Amino acid sequence: MYAQMVKSEATQEDPEKLAAFQARIDAGEKIEPKDWMPEGYRKTLIRQIGQHAHSEIVGQLPEGNWITRAPTLERKAILLAKVQDEAGHGLYLYCAAETLGVSRDELTEMLLDGRMKYSSIFNYPTLNWADMGAVGWLVDGAAIMNQVPLQRTSFGPYSRAMIRVCKEESFHQRQGYDAIRKMAEGTPAQKKMAQDALNRMLYPSLMMFGPSDKDSVHSEQSMRWKIKMNTNDELRQKFVDQTVPQAEFLGLTIPDPKLKWNEERGHYDFSEPDWNEFHDVIRGNGPCNTDRLAARNKAWEDGRWVRDAMLAHARKKAARKIAAE
Ligand code: BYC
């Protein structure tokens, strides 16, 4: 429906303006907030950037859950810094979305009442310390795989936000790999925990790339506009190809009996994710959807007095300034 709406808006827009806009995109120019843009382009960006920002914010919850239980002071400090970085990523992205004419409060309200999505991965629980390693290694690994090409996305503020996010995210991925490596090289019980975390996290991480290309609603138009630089399946394949040798180095087994190097394709063959599970999770029925939204709603309500106080202060300050003039 959304894709149809974007298309029908495009047909009502001035064809000359649309052609000139597409020519700028094709020439690799960046589109800036004050430039003319098709309404569908603006809406698609608000959806994707907003969803991405929400993912960063909700994504703090599964890891935040382990800060007080980190096994050493060093791991605690690293995890704390990482979770704070995710909050920062959310803010860069909300700022980029705001340049398109939507406020952060509006976006937040759409997240809280379920009108906007966030990444499916954050609806899975983090059960033990090995999961912290797996999140950094696999979840941040999948996120970077998606975000590195987005540094070249056509919308200037989004592209610039991605450049900063990717710098920090590569540290996140490495800290995760280091944490899981310690477990994989530890006692048999620790190695078992690392394998179990990989078993549970791999497929939800593969789902982060979105539905298969044949079912992706937005890919075609978004790629034409360079809002997306690759298809979902291209990035998923790249991620599998990168992850297999990393798992081998750890002495862990990829939980897929069909995994096999395909000489002809020059890629690994692997089993498709369970798309029923994926759709179920994005419809709100994953293991943690209710908890995640309840936590974000509570944080929003708990922070209301701070927002009210700051607004009251800003209004008083403005009134004093006017009175003094
Ligand atoms: N989860 O047409 P498609 C992080 C939805 S956070 C939920 O292929 P599109 C981190 C999609 O929205 C990293 N929903 O869509 C943070 C659409 O539904 P609507 C987050 C999904 O947009 C903290 C429908 O399915 N990264 O790194 O062309 C701690 C059809 O899909 C998902 C980003 O957000 C999903 N996995 O492509 C640690 C990257 N997949 O909106 C780490 C930016 C699809 O029509 N986003 N849907 O109702 C993108 O690159 C694209 O939006 C996607 C999907 C590749 C995700």
Side-chain angles (χ1 to χ4, degrees), residues 1-6 43-66 79 82-90 93 96-97 110-111 114-124 126 131-132 134-151 153 158 161-162 165-166 168-173 175-176 201 203-236 239 273 275 277-284 286 289 292:
M1 202 176 99
Y2 188 89
Q4 262 170 356
M5 198 171 82
V6 167
K43 283 195 175 144
T44 302
L45 277 170
I46 291 175
R47 180 184 61 79
Q48 182 168 313
I49 300 174
Q51 208 165 283
H52 193 164
H54 298 328
S55 304
E56 301 284 356
I57 300 300
V58 178
Q60 293 177 98
L61 296 169
E63 289 177 290
N65 181 32
W66 280 91
L79 188 60
K82 180 196 188 288
V83 172
Q84 280 178 337
D85 282 354
E86 309 299 359
H89 297 175
L93 285 156
M110 286 195 271
L111 165 72
R115 275 176 294 155
M116 277 187 91
K117 295 189 169 76
Y118 57 90
S119 182
S120 49
I121 185 71
F122 303 116
N123 293 308
Y124 290 84
T126 44
D131 287 11
M132 290 303 94
V135 167
W137 171 31
L138 301 170
V139 175
D140 287 271
I144 304 174
M145 191 58 82
N146 169 281
Q147 286 161 199
V148 164
L150 288 178
Q151 295 177 107
T153 193
Y158 190 24
M162 282 298 101
V165 169
C166 282
E168 294 172 0
E169 210 99 296
S170 73
F171 151 76
H172 296 173
Q173 198 267 353
Q175 70 82 32
M201 292 282 176
Y203 269 87
S205 302
L206 294 185
M207 292 176 195
M208 287 175 73
F209 297 98
S212 67
D213 291 352
K214 63 177 172 18
D215 298 321
S216 170
V217 187
H218 306 292
S219 283
E220 196 189 329
Q221 181 59 71
S222 290
M223 286 184 61
R224 206 170 306 130
W225 278 330
K226 295 190 184 158
I227 288 174
K228 268 170 97 163
M229 307 303 287
N230 302 85
T231 73
N232 301 351
D233 285 338
E234 276 167 15
L235 292 175
R236 193 173 3 258
F239 178 71
W275 295 120
E277 176 181 322
F278 169 77
H279 288 295
D280 219 29
V281 171
I282 64 175
R283 267 197 300 267
N289 297 58
R292 300 299 185 229

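None of these values were measured; they are calculated from a predicted model. Atoms within each ligand, like the ligands themselves, are counted from 1 in listed order.
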(request) Check for a donor-acceptor pair, side chain of Asp140 on one end and backbone N or O of Glu169 on the other, with a separation under 3.5 Å. (result) no
(message) Using a 3.5 Å distance criterion without hydrogens, assess whether the side chain of Trp66 forms a donor-acceptor pair with backbone atoms of Leu79.
(response) no
(request) Considering the heavy atoms of Met208, write down every atom of ligand 1 situated less than 4.0 Å from one of them. (result) 36 (N), 56 (C)
(message) For atom 27 (O) of ligand 1, tell me which residue out of Ala143, Gly286, Pro211 has the closest non-hydrogen atom.
(response) Ala143
(message) Taking a cutoff of less than 4.0 Å between a non-hydrogen atom of the residue and any ligand atom, is Gln147 in contact with ligand 1?
(response) yes
(message) Between Arg292 and Val58 (side chain of the first, backbone of the second, donor and acceptor by atom type, cut-off under 3.5 Å), is there such a pair?
(response) no
(request) Keeping the roles fixed (side chain from Gln175, backbone from His172), state whether a donor-acceptor pair exists under 3.5 Å. (result) yes
(request) Name the option, out of Val217, Ile57, Leu61, Ile144, that contains the heavy atom nearest to atom 2 (O) of ligand 1. (result) Val217
(request) Would you check if the side chain of Gln151 reaches a backbone N or O of Val148 as a donor-acceptor pair within less than 3.5 Å? (result) yes
(message) Under 4.0 Å from a heavy atom of Tyr158: which atoms of ligand 1 are those, numbered in the order shown and with their elements?
(response) 43 (C)
(request) Return a yes/no value for Glu63: is any of its N or O atoms, backbone included, closer than 3.5 angstrom to an N or O of ligand 1? (result) no
(message) Nearest non-hydrogen contact with atom 45 (O) of ligand 1 belongs to which option: His218, Arg115, Met162?
(response) His218
(request) Give the numbers and elements of all ligand 1 atoms closer than 4.0 Å to a heavy atom of Ser120. (result) 1 (N), 7 (C), 35 (C), 36 (N)
(message) Going by the rule salt bridge (charged side-chain N to carboxylate O under 4.0 Å, His left out), which residues pair with Asp213 if we only count those two or more places apart in sequence or in a different chain?
(response) none
(message) Measuring only between side-chain heavy atoms, which start at C-beta, is Val281 closer than 4.5 Å to Met207?
(response) no
(request) Provide the number and element of each atom of ligand 1 under 4.0 Å from a heavy atom of Gln51. (result) 11 (C), 12 (O), 41 (O)
(message) Give the atom numbers and elements of ligand 1 that come within less than 4.0 Å of a heavy atom of Tyr118.
(response) 1 (N), 7 (C)
(message) So that I can tick it off, tell me whether Arg236 and Asp233 are bridged by a salt bridge, with the cut-off set at under 4.0 angstrom between side-chain N and carboxylate O.
(response) yes
(message) Using a 4.0 Å cutoff against the non-hydrogen atoms of Lys228, which atoms of ligand 1 qualify?
(response) 8 (O), 9 (P), 28 (O), 37 (O)
(request) Taking the side chain as every heavy atom from C-beta outward, state whether Glu234 and Ser219 have any pair of such atoms under 4.5 Å apart. (result) no
(message) Does only the side chain of Phe122 get under 4.0 Å from ligand 1, or the backbone, or both, or neither? Count heavy atoms.
(response) side chain
(request) Give a yes/no verdict on whether any heavy atom in Ser119 is under 4.0 Å from an atom of ligand 1. (result) yes
(message) Out of Glu56, Lys117, His89, who is nearest to atom 16 (C) of ligand 1 when you count heavy atoms only?
(response) Glu56
(message) Assess the residue pair Glu277 and Tyr203 against the criterion (side-chain hydrogen bond (donor to acceptor under 3.5 Å, both in side chains)); give the C-alpha distance rounded to whole Å, side-chain angles, the decisive distance to 0.1 Å, and a yes or no.
(response) CA-CA 10 Å; Glu277 176 181 322; Tyr203 269 87; over 6 Å; no
(request) Using a 4.0 Å heavy-atom threshold (strictly under), name the region of Asp215 that reaches ligand 1: side chain, backbone, both or neither. (result) neither
(request) Return the option from Glu86, Gln48, Glu169 holding the heavy atom at the smallest distance from atom 49 (C) of ligand 1. (result) Gln48
(request) Using a strict cut-off of 4.0 Å, indicate which atoms of ligand 1 neighbour a heavy atom of Ile282. (result) 1 (N), 7 (C), 14 (N), 25 (O)
(request) For the pair Ser119 (side chain) and Met208 (backbone), establish whether a donor and an acceptor sit closer than 3.5 Å, ignoring hydrogens and angles. (result) no
(request) With heavy atoms of Gly59 as the reference, note each atom of ligand 1 found under 4.0 Å away. (result) 23 (C), 29 (C)
(request) From the options Asn232, Asn146, Leu206, select the one whose nearest heavy atom is closest to atom 39 (C) of ligand 1. (result) Asn146
(message) A side-chain contact here means heavy atoms from C-beta on lying under 4.5 Å apart; do Met162 and His52 qualify?
(response) yes
(request) Using distance alone, decide if ligand 1 has a nitrogen or oxygen within less than 3.5 Å of any nitrogen or oxygen in Lys82. (result) no
